[in-house]
2 protein chains.
Amino acid sequence: MTVSNVLNDHPHVKSSTRAKVVKAMEELDYRVNHAARNLRSGRTFTIGLAVAEFDRPYWGQFAARVIEEAAAHNLRVLVEQTGRSKENEISALALSRNRMYDGLILSTVGLSASDANMLRVDYPIVILGERIFSGPVDHVAMANVEGAEAATAHLIERGCRRIAAVMGPMGADPDASSLRFAGYQQALAAAGIDTDPALHITINEWTLKGGHEAVSRLVGSGVQFDGLFCATDTVALGALRALHEAKLRVPEDVKVIGFDNLTEGQYSTPTLSTVNPDSAEMARMAVKLLVQRISGGSAKREPTEFVSSVRIVERESTAAL
Amino acid sequence: MTVSNVLNDHPHVKSSTRAKVVKAMEELDYRVNHAARNLRSGRTFTIGLAVAEFDRPYWGQFAARVIEEAAAHNLRVLVEQTGRSKENEISALALSRNRMYDGLILSTVGLSASDANMLRVDYPIVILGERIFSGPVDHVAMANVEGAEAATAHLIERGCRRIAAVMGPMGADPDASSLRFAGYQQALAAAGIDTDPALHITINEWTLKGGHEAVSRLVGSGVQFDGLFCATDTVALGALRALHEAKLRVPEDVKVIGFDNLTEGQYSTPTLSTVNPDSAEMARMAVKLLVQRISGGSAKREPTEFVSSVRIVERESTAAL
DNA sequence: CTTAGAATATTTATCGATACAAGACTTATG
DNA sequence: CATAAGTCTTGTATCGATAAATATTCTAAG
């Protein structure tokens with residue numbers, strides 16, 4: 001017990017006793033057993049982070065920030081890859097219920113509004129994504145509609161009139177794709193430009209490959225376009241490559257804008273204009289909200305929704321001619 | 001106890017009993033408490049992965065593969081970011097000693113040969129990096145020298161004679177930088193080309209920014225060069241941008257090759273030639289070795305060193321004219 | 001109908017840290 | 001010197017799953 005008091009900086013331990021304990025711990029190479037501590041204290045000092053795929057620059061950068069923020073709160077991060085399947089997202093929730101971690105930051109792609117009741121759980125949880133769930137859950141979201149609208153408006157302002165949108169599949173629930181697509185349409189409507197379904201491209205993966213293939217197909221189809229709003233920077237970088245292969249010049253023939261403000265876009269040729277959603281702030285807020293829930297205890301507060309601000313970053317791919 | 005038997009698929013449980021238990025578990029919404037299980041069983045079914053930075057494409061892709069492989073063995077992955085500091089690498093080791101996880105995959109950059117005794121630990125551990133430690137520890141490494149030699153030889157074969165090397169700082173111990181640099185020099189020597197110290201560039205960070213700044217400086221210095229061997233693909237992508245800004249054409253004026261075979265290099269302009277170290281295989285092997293150590297128990301085997309094979313991937317940045 | 005032997009179920013002790021409470025020791029004060 | 005109030009130390013029970021041993025039920029052969 002005295003050892004435990006020393007370990008936990010209990011106030012009433014004589015310094016001579018403390019010294020003796022510390023000395024003995026060193027001699028014996030003593031290490032606390034976390035399993036025992038977790039069992040007794042009911043806390044694990046570990047939070048979960050469940051995202052679809054780890055090997056995407058966006059999520060990698062996001063995870064790095066979450067790990068840093070968590071470390072600042074003395075929390076470790078356990079990583080789950082859900083691979084954008086509903087089952088895995090539910091299983092991440094179940095793990096959390098198993099008390100493997102004190103709380104969970106969950107990025108939802110597979111779960112839909114009809115699964116909202118899955119989230120009615122009594123342990124700390126923060127959802128990354130749109131506020132499609134009515135449960136008493138904190139959310140950290142992007143201003144998808146506003147960002148997409150600003151991006152599209154930026155293309156229009158630069159003179160584009162036939163702007164293609166490269167988006168992911170859109171479900172019945174509002175997901176990032178449909179919200180960004182809505183922003184795109186709002187901007188077109190505000191400028192009085194007709195939308196042309198031939199310019200709406202759906203890809204399955206928000207990857208370099210996805211962007212490349214989609215734009216190659218678009219070019220091959222013969223449909224004319226002078227602007228490209230891509231779902232993410234990664235998609236846009238794949239698109240840039242496809243345009244280069246098609247001998248279309250950016251920004252002279254086609255202007256391109258992405259979404260996410262990845263570092264990669266600062267060094268591509270041409271450099272990539274984008275929407276900066278301030279994901280560092282999102283990571284900080286997600287951890288902060290989770291920590292509040294974890295330590296909050298009785299002081300329950302209403303579920304919060306944090307929406308990160310967006311800002312257009314102009315680079316070469318949308319430069320004025 | 002019967003519940004425990006059901007949970008663990010103990011062979012002698014009557015199916016009617018099992019059914020009753022399962023029913024009761026559902027009614028009560030029972031969840032196992034991992035802390036208790038860990039305490040009693042002495043296992044956590046979690047492994048640690050400690051790498052320098054998570055928000056680098058190479059490590060992000062590597063981590064994703066480790067997570068997948070671990071999942072196949074019913075293991076979860078706890079991620080540590082060491083930020084390439086010695087203290088954090090040691091602290092990752094300490095956590096492992098705390099039995100927070102069953103084993104640890106540790107990428108060393110800060111630890112040097114003089115710290116080898118830190119690795120003389122009695123729990124499962126796999127080191128990513130060069131075999132600079134003599135302790136009884138499994139290693140998973142890249143064929144850095146061979147890869148660098150092949151890359152440089154490829155540039156020579158394509159006609160380059162003044163090849164610059166963009167490497168990281170080299171310590172006294174063999175690290176990735178010094179090994180790749182050694183390979184570079186071997187290739188030059190084999191071709192009878194003199195080395196010119198003006199062509200040896202050191203950068204602090206293996207990042208886009210690092211590569212961009214270094215090559216901008218090189219171009220600004222007026223030193224002539226017709227080939228560029230970069231420490232990593234990320235560095236090379238930064239270099240490509242710097243060359244573009246300097247109006248140097250790739251591959252006409254300068255040929256460029258990287259190391260890692262990141263997906264990004266397939267979609268850059270121009271696409272990037274590289275050394276493929278098969279890091280998927282490395283991830284698979286690291287988990288496999290660790291699992292062997294964890295479950296091996298008495299059947300101790302000698303420390304293994306796995307060196308992944310390397311293969312040159314030719315793309316536009318080193319295309320013959 | 002017995003009874004060996006297997007199949008199934010249950011009891012007990014335990015992993016190691018810590019909450020809680022009680023005990024021991026100090027010091028201050030009248 | 002007695003007592004209170006504080007400071008420091010230690011006993012005991014407990015978190016929940018499970019290893020090991022023990023107890024019970026079942027099956028099949030004689």
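Order of the sequence lines fixes the chain letters, A, B, ..., with proteins taken first and strands second; residue numbering starts at 1 for each chain.
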To the nearest angstrom, how far is [X] atom [atom1] from [N] atom [atom2]?
X	N	atom1	atom2	result
A:K20	D:dT10	NZ	P	8 Å
A:H10	D:dT10	NE2	C1'	12 Å
B:N5	D:dG16	CG	P	19 Å
A:F45	C:dA17	CZ	P	15 Å
A:M1	D:dA13	CE	C1'	12 Å

> Taking atom types as modelled, is there a side-chain donor on A:D175 or A:S178 under 3.5 Å from an acceptor on the other?
Replying inline: yes
Which of A:D138, A:V137, A:I125 passes side chain to side chain contact (heavy atoms under 4.5 Å, CB included) with A:L289? It is A:D138
Checking A:L49, A:I105, A:V140 against A:V287 for side chain to side chain contact (heavy atoms under 4.5 Å, CB included), the one that qualifies is A:I105
Nearest to the side chain of [X], which nucleotide is it out of [options]?
X	options	value
A:A36	D:dA17, C:dA17, D:dA19	C:dA17
A:K14	D:dT18, C:dT8, D:dC8	D:dC8
B:H12	D:dT10, C:dG16, C:dT8	C:dT8
B:L7	C:dT10, D:dT18, C:dT18	D:dT18
A:R40	D:dT9, D:dT18, C:dA17	C:dA17
A:S4	C:dG16, C:dA9, C:dT18	C:dT18

What is the nucleic acid contact for [X], judged by heavy atoms within less than 4.0 Å: base, sugar-phosphate only, or nothing?
X	value
A:N38	nothing
A:R31	sugar-phosphate
A:V3	nothing

Ranking B:P11 and B:S41 by the position along DNA chain C of their nearest nucleotide, the one closer to 5' is B:P11
Sorted by position of nearest nucleotide on DNA chain C, 5' first, the leading residue of A:N8 and B:L39 is B:L39
Heavy-atom nearest pair, A:G129 first then A:H139, reads O-ND1, 3.8 Å
Between its two end axes (five pairs each) the helix from C:dC1-D:dG30 to C:dG30-D:dC1 turns, nearest 10 degrees, through 50°
Could you tell me whether the side chain of A:T82 and the main chain of A:V51 form a donor-acceptor pair under 3.5 Å?
yes
- For A:A283, does its backbone N or O pair with a side-chain atom of A:E69 as donor and acceptor, under 3.5 Å? no
With a 4.0 Å cutoff (strictly under), does any side-chain N or O of [X] reach OP1 or OP2 of [N]?
X	N	answer
A:R37	C:dT18	yes
A:N33	C:dC15	no
A:T2	D:dT10	yes

Rounded to the nearest 0.5 angstrom, the CZ-OG1 distance for A:R56 and B:T263 is 9.5 Å
Would you call the rings of B:F62 and B:W59 parallel, tilted or perpendicular, where under 30° means parallel and over 60° means perpendicular? perpendicular
